[in-house]
K.L.:
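Pasting a structure below so you can have a look.
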2 protein chains.
Amino acid sequence: MKKRPTIRDVAGQAGVSIATVSKFINGTQRFSAAVERRIQAAIDELAYHSNPLARSMITGKTGSIGVVILDILNPHFTNIVKGANRIALEHGYNLLFVDTEESQARESDLIAALSRRVDGLIVSTRMPQEDLPGVLALGKPVVFSGRVAPEGSVSIGIDAYAAAYMIGELLVKQGHRKIAYVGFAPARPDQERIKGLTDSLAAHGLAPTRFEAQGPTLAEGERVCSTVLLGKGKPDAVVCYNDLVAIGFMGVATTLGIRIPEDLSVVGIDNIPFGRFTSPALTTVDTQSEKLGEEGMRLLLRLIAGEDPPAPGHTRLEPRLVLRDSTRVRLAEASPGPAPKARRRAG
Amino acid sequence: MKKRPTIRDVAGQAGVSIATVSKFINGTQRFSAAVERRIQAAIDELAYHSNPLARSMITGKTGSIGVVILDILNPHFTNIVKGANRIALEHGYNLLFVDTEESQARESDLIAALSRRVDGLIVSTRMPQEDLPGVLALGKPVVFSGRVAPEGSVSIGIDAYAAAYMIGELLVKQGHRKIAYVGFAPARPDQERIKGLTDSLAAHGLAPTRFEAQGPTLAEGERVCSTVLLGKGKPDAVVCYNDLVAIGFMGVATTLGIRIPEDLSVVGIDNIPFGRFTSPALTTVDTQSEKLGEEGMRLLLRLIAGEDPPAPGHTRLEPRLVLRDSTRVRLAEASPGPAPKARRRAG
DNA sequence: GGCAAAAAGGAAATCGTTTTCCTTCCCCCG
DNA sequence: CGGGGGAAGGAAAACGATTTCCTTTTTGCC
């Protein structure tokens, strides 16, 4: 592991000063053909690449963007990263990545440390609202993703209220009456979803029964399933915090002999790719995860460039209902259900 | 956005030299209680955090690890990142992340640029074998993941030959005879899989029919499905390059009215979490993705520390068969297949 | 009380660049 | 032929730390 060549080596080899080399590399100034040729030759010969750290010290730009993600295993976040990465790459930026799942407590510290190494941050976690000002005080441009951020900051997210509202509308229209909602208890990041669902049901004189998962994961969906199904007043539809929970839920429900959608409708939120391949295919709401990452990165790049973002404050992406096979139309109150497995006798 | 305090500010505030502050921060030297108290007070008051870039320039350590991944949307790679991230975090390292999918051509350049900002690299892509020496010449420790790397370098991966071999054994034992393999044509990263499957079938006088997908994705699995099923000599089992391809394949096959596993067995490789939730649940081989990331990172950290890695050369992780419902025992050659669901009559 | 040795703290070089002035040098024109 | 002006290239000061010597003080001990 021999030391890498420095600009000084190049200058020596080419017989010019380091200032000249620097200016040549950056295209700051033109030089005589002879000099430029010598410099280029020296660079090639030594396989010189300038040290980005040293450059950063001077320019104050690092060329990387920090991306703080709750859990990379969740395809929703994976998609965000994918979109953000694409845009960043197009603009010559790298992604410095932090998955905070394991260390919620250290989150603020991690972000603070990270902030020195990047030109800006995309923060997409469930960090408590009161910690946000600390992130903003870091002195780097920040875009919050997936939540509405405090006054004066920039954020982007799906319209979760609308998403939940359209799910409520769908289910009611399909004839469901006893609708359960499986939410995400710690940190309550689902206020808007709850409100959207509650409002839509209320318009029809209904209200959701609420259940709590401990996290937005497959495992929690599985765990919470029996709680929901064994409780009093079995629901005829379940709205899950996200697709992961919904998929886990469906898996266990099926194992328990519940037929979906005949016995029970299930709806998720996010539209992760695998929702198409579950049995039945999952009805959900598309949250445009990848676009979220792309647009978030675009906003951030503008912030970094010192331009006013095209959309200061909170940018809302429109959700889109994705109707598949895990929900179905139900007959009014008492449906006979012809097939071998007749089940319903509401009162 | 006011400027952040420097070590000079702290020194001034505390009435000591910057050398003293530096030594205090790094614990390099002890000072009198009075001085230490003043320094600490100054640090707190100014909310000083040392600039990692400046520190890196001197120490030559950056505190980040570069992770180069083919496609973050593939849960296999996501798991690798997750595992690597966990270990890195435990050791105080960040992850600098590159998803190269969009820019295979620029891959080498991206890595070269990245290499200056990190203390080591984990490379998990399909980069052509002849480009690997270039990566090694970067002068940073590298661990290649998911492939066998050149002499003198460190790599880690599943034993793909064994994985494919055990799939072949399983299928033959279950009575399958016409076995198709859906591989990954560009860059042929599946040599070992092909060989393992071929060898296992050959032991029973059989040979796989090969089909090519253009990428290891859901979409390619879907696309290739009709090709496989419409060709002459329909197979009774399909082995897919990975779970993604298998899941896409199963989705389309089901749509086409093929019953799995009654009409056709399907096997994947990787054991991604969603394989449990497809219909039917996917038989696969676990490639320990997360452990791959963890162990890869451990190897790299040892390399960085200058210690001999516990396992120089190539480390093989053992695959493990995960038998689920997408494969089933078949009767000898011509199976009548009586009633819709009755199927078994071993003998 | 005197002297050596250890403790405490600081000056300055350094890491590899960028960038802001300068200094030359050359050419052209009156 | 002299002088003005631009072109070409270089010197040196940053950037914000770490680290290697030093120079002072203390302290310990006889």
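Note on naming: letters A, B, ... go to the chains in the order of the sequence lines (proteins, then strands), and numbering restarts at 1 for each one.
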K.L.:
Taking Arg4(A) for the side chain and Asn51(A) for the main chain, is one N or O donor matched with an acceptor at less than 3.5 Å?
P.N.:
no
K.L.:
Provide, to the nearest angstrom, the distance between the CZ atom belonging to Arg37(A) and the P atom belonging to dG9(D).
P.N.:
12 Å
K.L.:
Kindly say whether Pro75(B) contributes a backbone atom to a donor-acceptor pair with the side chain of Asn79(B) at under 3.5 angstrom?
P.N.:
yes
K.L.:
Quick one: does any side-chain atom of Arg147(A) pair with a main-chain N or O of Met127(A) as donor and acceptor, under 3.5 Å?
P.N.:
yes
K.L.:
Check the distance between dT19(D)'s P and Ile25(B)'s CD1 and give it to me in whole angstrom.
P.N.:
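Going from CD1 in Ile25(B) over to P in dT19(D) covers 12 Å.
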K.L.:
With Phe77(A) as reference, evaluate Leu73(A), Val81(A), Asn74(A) under the side-chain contact (heavy atoms from CB on, under 4.5 Å) test and give the passing residue.
P.N.:
Asn74(A)
K.L.:
Keeping Asp119(B) on the side-chain end and Thr62(B) on the backbone end, is there a donor-acceptor pair under 3.5 Å?
P.N.:
yes
K.L.:
Identify all pairs in which a protein N or O lies below 3.5 Å from an N or O of nucleotides 9-11 of chain C, and state each distance.
P.N.:
unit_1, atom_1, unit_2, atom_2, d
dG9(C), OP1, Ser32(B), OG, 2.9
dG9(C), OP2, Ser32(B), N, 3.0
dG9(C), N7, Gln29(B), NE2, 3.0
dG10(C), OP2, Ser17(B), N, 2.8
dG10(C), OP2, Ser17(B), OG, 3.4
dG10(C), OP2, Thr20(B), OG1, 2.7
dG10(C), O6, Lys23(B), NZ, 2.4

K.L.:
Apply side-chain hydrogen bond (donor to acceptor under 3.5 Å, both in side chains) to His314(B) and list each qualifying residue two or more places apart in sequence or on a separate chain.
P.N.:
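Here the qualifying residues are Ser155(B).
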K.L.:
Taking Ile72(B)'s backbone N and O only, do any of them form a donor-acceptor pair with Asp99(B)'s side chain (distance below 3.5 Å, no angle check)?
P.N.:
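Yes, Asp99(B) side chain to Ile72(B) backbone: donor-acceptor pair under 3.5 Å.
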K.L.:
Using only atom types and a distance under 3.5 Å, with no angle test, would you say the side chain of Asn26(A) pairs donor to acceptor with the backbone of Thr28(A)?
P.N.:
no
K.L.:
What's the CD-C1' distance between Glu36(A) and dA8(D), to the nearest Å?
P.N.:
11 Å
K.L.:
Between the protein and nucleotides 25-27 of chain D, list the N/O to N/O atom pairs that are separated by less than 3.5 angstrom.
P.N.:
none

K.L.:
Do the side chain of Arg116(A) and the main chain of His49(B) share a donor and acceptor less than 3.5 angstrom apart?
P.N.:
yes
K.L.:
DNA chain D: Met57(B) or Thr28(B), which has the more 5' nearest nucleotide?
P.N.:
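First, find each residue's nearest nucleotide; the 5'-ward one identifies Met57(B).
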K.L.:
Given atom CD1 of Ile58(A) and atom P of dG16(C), what is their separation to the nearest angstrom?
P.N.:
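Whole-Å distance recorded here is 13 Å.
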K.L.:
What is the distance, to the nearest angstrom, from the NZ atom on Lys61(B) to the C1' atom on dT19(D)?
P.N.:
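These atoms are roughly 17 Å apart.
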K.L.:
What is the separation between atom CZ on Phe24(B) and atom P on dA8(C), rounded to the nearest whole Å?
P.N.:
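Taking atom P of dA8(C) as the reference, CZ of Phe24(B) is at 14 Å.
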K.L.:
Tell me if a side-chain donor or acceptor on Ser22(A) pairs with a main-chain N or O of Ile18(A) at a distance below 3.5 Å.
P.N.:
no
K.L.:
Nearest whole Å is fine: how far is dA12(D) C1' from Arg8(A) CZ?
P.N.:
11 Å
K.L.:
May I ask you to decide if Lys61(A)'s main-chain N or O and Ser56(A)'s side chain share a donor-acceptor pair within less than 3.5 Å?
P.N.:
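Present.
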K.L.:
Using the salt bridge (charged side-chain N to carboxylate O under 4.0 Å, His left out) criterion, which residues pair with Arg8(B)? Sequence neighbours excluded.
P.N.:
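Expected list: none.
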K.L.:
What is the distance, rounded to the nearest whole Å, between atom CZ of Arg116(B) and atom C1' of dG16(C)?
P.N.:
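Taking atom C1' of dG16(C) as the reference, CZ of Arg116(B) is at 9 Å.
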K.L.:
Quantified as the angle between the terminal helix axes (five pairs each), what is the overall bend of the helix from dG1(C)-dC30(D) to dG30(C)-dC1(D) to 10 degrees?
P.N.:
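One end's axis against the other's: 50°.
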K.L.:
Just to be sure I understand the geometry, which residues of residues 41-56 of chain B put a non-hydrogen atom under 4.0 Å away from DNA chain D?
P.N.:
Tyr48(B), Ser50(B), Asn51(B), Ala54(B), Arg55(B)
K.L.:
Enter the distance from Leu317(A):CG to Lys291(A):NZ here, rounded to the nearest 0.5 Å.
P.N.:
5.5 Å
K.L.:
Considering only NZ, NE, NH1 and NH2 on the basic side and carboxylate oxygens on the acidic side, decide whether Arg298(A) and Glu295(A) come within less than 4.0 Å.
P.N.:
yes
